[in-house]
There are 2 protein chains.
Amino acid sequence: MPTTKREQITKHFGTWYRKVLIDAGVADYRYPIKGCGVWMPYGFAIRKHGLQILRDLHDATGHQEAQFPLLVPETSLEKEAAHVKSFEEECFWITHGGLKPLDVKLALRPTSETVITPMLKLWIRSHKDLPLKLYQIVNVFRYETKTTRPLIRVREISTFKEAHTSHATFEDSEVQIKEATGIYKAFFDALDVPYVISRRPEWDKFAGALYSDGFDTVLPDGRTLQIGTVHNLGQNFAKAFDVTYEAEGGKREHIWQTCYGISERWLAAVLGVHGDDNGAILPPNIAPIQAIIIPIFHKEKNETITEACAKLAEKLEKEAHMRVKADLRDELTPGSKFFDWELKGVPIRIEIGPRDMEQNAVMVVRRDNFEKASVKQEALADYLHEVMKKMSKDMREKASKWLREHVHSAKTLDEVKTLLKKRAGIVEVPWCGETDCGLKMEQEINGKMLGVPMDMKEEVSGTCIVCGKEAKDIVRVAVAY
Amino acid sequence: MPTTKREQITKHFGTWYRKVLIDAGVADYRYPIKGCGVWMPYGFAIRKHGLQILRDLHDATGHQEAQFPLLVPETSLEKEAAHVKSFEEECFWITHGGLKPLDVKLALRPTSETVITPMLKLWIRSHKDLPLKLYQIVNVFRYETKTTRPLIRVREISTFKEAHTSHATFEDSEVQIKEATGIYKAFFDALDVPYVISRRPEWDKFAGALYSDGFDTVLPDGRTLQIGTVHNLGQNFAKAFDVTYEAEGGKREHIWQTCYGISERWLAAVLGVHGDDNGAILPPNIAPIQAIIIPIFHKEKNETITEACAKLAEKLEKEAHMRVKADLRDELTPGSKFFDWELKGVPIRIEIGPRDMEQNAVMVVRRDNFEKASVKQEALADYLHEVMKKMSKDMREKASKWLREHVHSAKTLDEVKTLLKKRAGIVEVPWCGETDCGLKMEQEINGKMLGVPMDMKEEVSGTCIVCGKEAKDIVRVAVAY
């Protein structure tokens with residue numbers, strides 16, 4: 001990677017991406033409202049398996065799933081000053097119920113701090129109620145005026161996992177930030193999607209937070225995609241909504257909050273990072289069909305082979321606990337079946353032809369590298385589990401290598417400009433730490449500051465690429481989605 | 001049933017219901033917008049198990065889960081004339097994106113026919129694409145002006161399972177109606193909730209449908225609750241959105257559609273139908289905790305017992321595949337733990353005290369009738385599965401008996417009025433079949449016509465209770481939520 005063909009795709013990533021989404025039956029954004037799309041059945045199934053991993057990670061760490069209302073009264077949204085300032089121009093506003101104007105305008109939640117915090121006020125009484133770690137998976141809305149892109153920049157973010165936690169002390173909230181970061185790492189590792197973690201600059205942090213950390217990956221077109229964010233909210237919302245608890249001595253204190261979110265962009269990353277000329281390549285963890293079984297015969301249908309395929313599918317489902325399907329459609333050739341399932345990114349193809357039948361074997365083909373192996377039926381279940389593990393590891397390594405190759409460092413503005421112009425990925429540069437310089441940098445490079453690396457310690461040396469003063473930080477910059 | 005206490009509850013069902021919802025941690029509607037509520041973690045878990053049954057029933061019959069957008073352009077909603085007329089005064093309307101007015105107003109979906117049908121137009125080409133059976137579980141919205149009630153009459157219907165199917169012929173759609181009815185029967189049977197099925201009168205059918213069948217149950221206060229509806233849409237939406245398919249001869253035909261929906265009212269029914277003075281009683285099928293294990297000791301903590309409880313919970317989870325929890329909280333007495341878990345409706349309580357330990361036994365207590373039994377540990381797993389089955393059966397029978405006792409018949413308007421005034425449940429009466437008479441009947445009895453029984457054949461005899469003409473149908477009437 002990249003092949004020549006791949007390079008063409010990189011150039012035309014947007015076209016490839018939209019085509020794969022619809023043709024593979026993942027998502028269809030040809031809805032009459034811009035930035036609103038449909039999860040088609042196959043896409044919905046991928047989504048389900050991905051969300052199950054996310055749910056398991058949250059449940060295993062004491063998070064409880066809940067569900068809060070969609071609508072936010074303007075009077076609630078207004079309570080945290082920085083928050084409303086950031087969001088009011090991005091909200092969809094309901095002004096009418098039926099034919100009558102409403103007394104108080106209602107926003108569609110752009111995120112749920114102002115929805116959840118008033119309820120915490122009812123629920124939290126004493127330190128015994130803390131920590132309280134809640135999450136929900138819901139739709140949230142932003143009135144995007146920029147160009148929208150399926151699953152990436154949308155008006156209905158149809159799949160937002162947002163966690164909201166409450167703590168007794170700042171220290172506890174800091175521990176929570178570490179846990180949240182760990183959960184997100186584990187999630188993207190399970191998807192074989194590599195990432196960098198950076199602390200966002202002041203001007204780009206979540207409105208109402210003390211600080212925000214972002215997970216970013218690089219898509220084939222060299223632009224970064226923010227795929228997860230973790231925020232320490234301090235006591236800002238707690239004070240705005242006056243949420244207090246009785247501390248051990250009996251004194252009332254405001255709670256400390258964190259929140260962290262992941263949207264359906266995780267799937268955009270999976271498709272973008274792993275896909276190839278033939279379509280999607282799904283990590284076995286989230287593939288709705290992990291192995292597709294295809295009978296091979298020419299012209300005349302072979303009932304014995306067909307039956308063997310159906311039986312094998314059943315056997316693997318039951319005994320190997322895999323998600324398996326036999327494609328027994330009469331009207332299609334093996335070739336067009338291959339095409340279909342490659343497009344959909346099914347990790348493993350199993351072919352059974354007359355010779356395989358004779359040898360009591362099957363042909364196993366990996367979707368990621370098309371490696372073939374003839375495997376005896378009795379050894380198949382173990383072999384498939386091994387192959388899935390291996391495939392996931394190889395996909396992760398390949399993608400990580402690609403990401404590493406797309407992280408550069410530069411010492412001057414011109415170098416950065418040249419790199420970003422050719423969409424080379426992420427560039428690490430020295431910065432003096434001043435907001436003025438940072439904003440000027442973003443303007444000059446026509447890109448975004450992702451922030452200070454949180455996933456590695458970098459020696460700070462050199463001078464700010466904008467003002468030439470001594471550097472205080474190394475920061476990542478990129479052309480971001 | 002009903003006990004004297006129960007009768008008081010019946011009178012004050014609303015108070016009991018709201019209190020149980022919050023105190024058991026199911027749902028909290030003290031949100032700053034009327035008719036919008038929160039699924040609390042325990043309630044969310046019940047919801048999850050209930051929805052899993054519903055999903056399994058749909059998946060097993062070839063339905064595919066998908067997810068469609070929330071927002072509907074006014075221009076789409078307007079396309080089916082009867083539909084828009086029914087819904088425009090019930091919609092929440094978005095008029096602004098950020099600070100700017102929108103060109104086309106957007107409704108929050110009140111239901112999704114006008115959302116889904118335009119996509120079908122893109123996806124359905126030929127008879128080979130049919131039948132197409134889709135469903136989604138989403139939130140829908142109605143601007144209720146009447147008094148709202150948690151999970152029953154709300155503005156954000158937070159959990160709407162709506163299925164939408166497309167067929168080549170009217171006959172196929174009729175077969176689908178039967179399948180849908182079967183799915184809903186199986187679902188309510190799994191919840192031990194009894195129901196009657198009635199074909200809604202013309203003036204109460206779903207806007208845009210050929211006909212609508214409703215599932216109703218009776219709550220403890222004697223009012224009926226519609227808990228599911230099944231509609232044959234004919235070709236009304238297909239024609240409005242011009243959705244056609246190529247029939248076998250090559251001719252283009254409009255598709256035939258059905259739709260059917262169940263909201264979170266299923267849980268309102270479960271709580272109302274089964275609950276008692278001590279709180280909720282959950283059918284084992286959907287209980288997030290099927291058995292709660294409580295150590296019994298006075299004053300001094302007994303480590304051996306505590307450990308035995310923890311071990312047993314683990315063992316039952318692993319070996320009996322049950323959802324089990326040990327309540328090892330130090331600060332609470334056994335009595336207050338009983339109170340907590342009874343309120344939450346946990347089907348089975350397992351007590352382990354010093355004497356039980358000696359005998360290698362545990363005490364098993366059923367939530368529905370408080371029957372106790374001492375059971376040897378080695379026989380426990382089998383016993384618990386038996387008890388859960390028995391309990392479910394008993395709950396279903398008790399509730400069915402109660403429902404049957406609350407279905408009456410009457411021959412005169414006065415009889416009906418008397419029965420409904422004392423909230424006696426459902427009354428079956430002869431009706432001439434004329435709309436004028438039907439509407440007049442509803443006005444006179446201050447109730448609703450549920451419609452003609454679809455779950456039994458009734459001999460039609462007698463004369464219409466309004467006009468005195470020969471009866472054409474027996475119809476059910478009631479005071480409905």
Side-chain angles (χ1 to χ4, degrees), chain A residues 22 28 30-33 35-45 47-48 63-73 75-76 88-100 102 104-106 108 115-116 118-119 122-123 128 134 136 138-139 141 143-145 155-156 158-159 331, chain B residues 22 28 30-33 35-45 47-48 63-73 75-76 88-100 102 104-106 108 115-116 118-119 122-123 128 134 136 138-139 141 143-145 155-156 158-159 331:
Chain A
I22 293 182
D28 193 337
R30 293 172 295 173
Y31 186 72
I33 302 173
C36 294
V38 177
W39 285 93
M40 299 162 85
Y42 185 68
F44 191 87
R47 175 183 183 273
K48 181 176 77 177
H63 294 73
Q64 296 179 290
E65 190 165 1
Q67 195 170 294
F68 290 83
L70 170 73
L71 304 177
V72 199
T75 43
S76 288
E88 68 181 344
E89 296 192 14
E90 283 192 12
C91 282
F92 282 98
W93 287 101
I94 296 174
T95 56
H96 287 70
L99 306 174
K100 274 173 41 188
L102 298 173
V104 176
K105 281 198 300 182
L106 305 174
L108 304 191
V115 172
I116 291 175
M119 299 309 293
L122 298 172
W123 299 337
K128 286 181 195 159
L134 300 170
Q136 64 174 356
V138 295
N139 50 355
F141 292 81
Y143 184 68
E144 281 294 343
T145 46
R155 287 183 169 178
E156 176 173 21
S158 69
T159 315
E331 69 279 20
Chain B
I22 293 181
D28 193 339
R30 294 172 296 174
Y31 186 72
I33 302 173
C36 294
V38 178
W39 285 94
M40 299 163 85
Y42 186 68
F44 191 86
R47 175 183 183 272
K48 181 177 77 176
H63 294 73
Q64 296 180 291
E65 190 166 1
Q67 195 172 294
F68 290 83
L70 168 73
L71 305 177
V72 198
T75 43
S76 288
E88 68 182 345
E89 296 192 14
E90 283 193 11
C91 282
F92 282 98
W93 287 103
I94 297 174
T95 56
H96 287 71
L99 307 174
K100 274 173 41 188
L102 297 174
V104 176
K105 282 199 298 182
L106 305 174
L108 304 191
V115 171
I116 291 174
M119 299 310 293
L122 298 172
W123 299 338
K128 286 183 195 160
L134 299 170
Q136 64 174 356
V138 295
N139 51 355
F141 293 80
Y143 184 69
E144 280 295 344
T145 47
R155 287 183 169 179
E156 176 174 19
S158 68
T159 316
E331 69 278 19

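Reminder, nothing fancy here: chain letters follow the sequence lines and each chain counts from 1. Hydrogens, waters and symmetry mates play no part in the numbers below; they use all other heavy atoms, side chains included. Bear in mind that the values here come from a model prediction, so they are computed numbers and not experimental data.
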Is B:Q67 close to A:R47 at the side-chain level, that is, under 4.5 Å between some pair of heavy atoms?
-> yes

Most chain A-contacting option - heavy-atom pairs closer than 4.5 Å, from B:L108, B:T159, B:I116, B:L134 = B:L108

Tell me, for B:S76 versus chain A, whether the close heavy atoms (under 4.5 Å) come from the side chain, the backbone, both or neither.
-> side chain

Taking all non-hydrogen atoms of both residues, which atom of B:W39 and which atom of A:A66 are closest, and how far apart?
-> O-CB, 3.2 Å

Part of A:C91 lying under 4.5 Å from any heavy atom of chain B | backbone

Side chain, backbone, both or neither: which part of A:I22 has a non-hydrogen atom closer than 4.5 Å to chain B?
-> neither

Sort A:N139 into side chain, backbone, both or neither according to what part of it lies under 4.5 angstrom from a heavy atom of chain B.
-> side chain

Measure A:T95 against the heavy atoms of chain B and call it side chain, backbone, both or neither at under 4.5 Å.
-> both

Are side-chain heavy atoms of B:W123 and A:V38 found at a separation under 4.5 Å?
-> yes

Distance-minimising heavy-atom pair for A:R30 and B:M119 | O-SD, 3.9 Å

Side-chain donor/acceptor of B:E156 to backbone N/O of A:L71, under 3.5 Å = no

Least distance between heavy atoms, A:P73 atom then B:P32 atom = CG-CB, 4.2 Å

Does any heavy atom of chain B fall under 4.5 Å from the side chain of A:V115, the backbone, both, or neither of them?
-> both

Between CZ on residue B:F44 and CD on residue A:Q136, distance to nearest 0.5 Å | 8.5 Å

Among A:T75, A:L106, A:V104, which has the most heavy-atom pairs under 4.5 Å with chain B?
-> A:L106

Residue selection (most heavy-atom pairs with chain A, distance under 4.5 Å) from B:E89, B:R155, B:E65, B:H96 | B:E65

Looking only at non-hydrogen atoms, find the nearest pair between B:Y31 and A:V72 and report the distance.
-> OH-CA, 3.9 Å

Selection from B:G37, B:G43, B:A45, B:C36 maximising heavy-atom pairs under 4.5 Å formed with chain A = B:G37

Given that the side chain runs from C-beta out, which part of A:Y42 has a heavy atom under 4.5 Å from chain B: side chain, backbone, both or neither?
-> neither

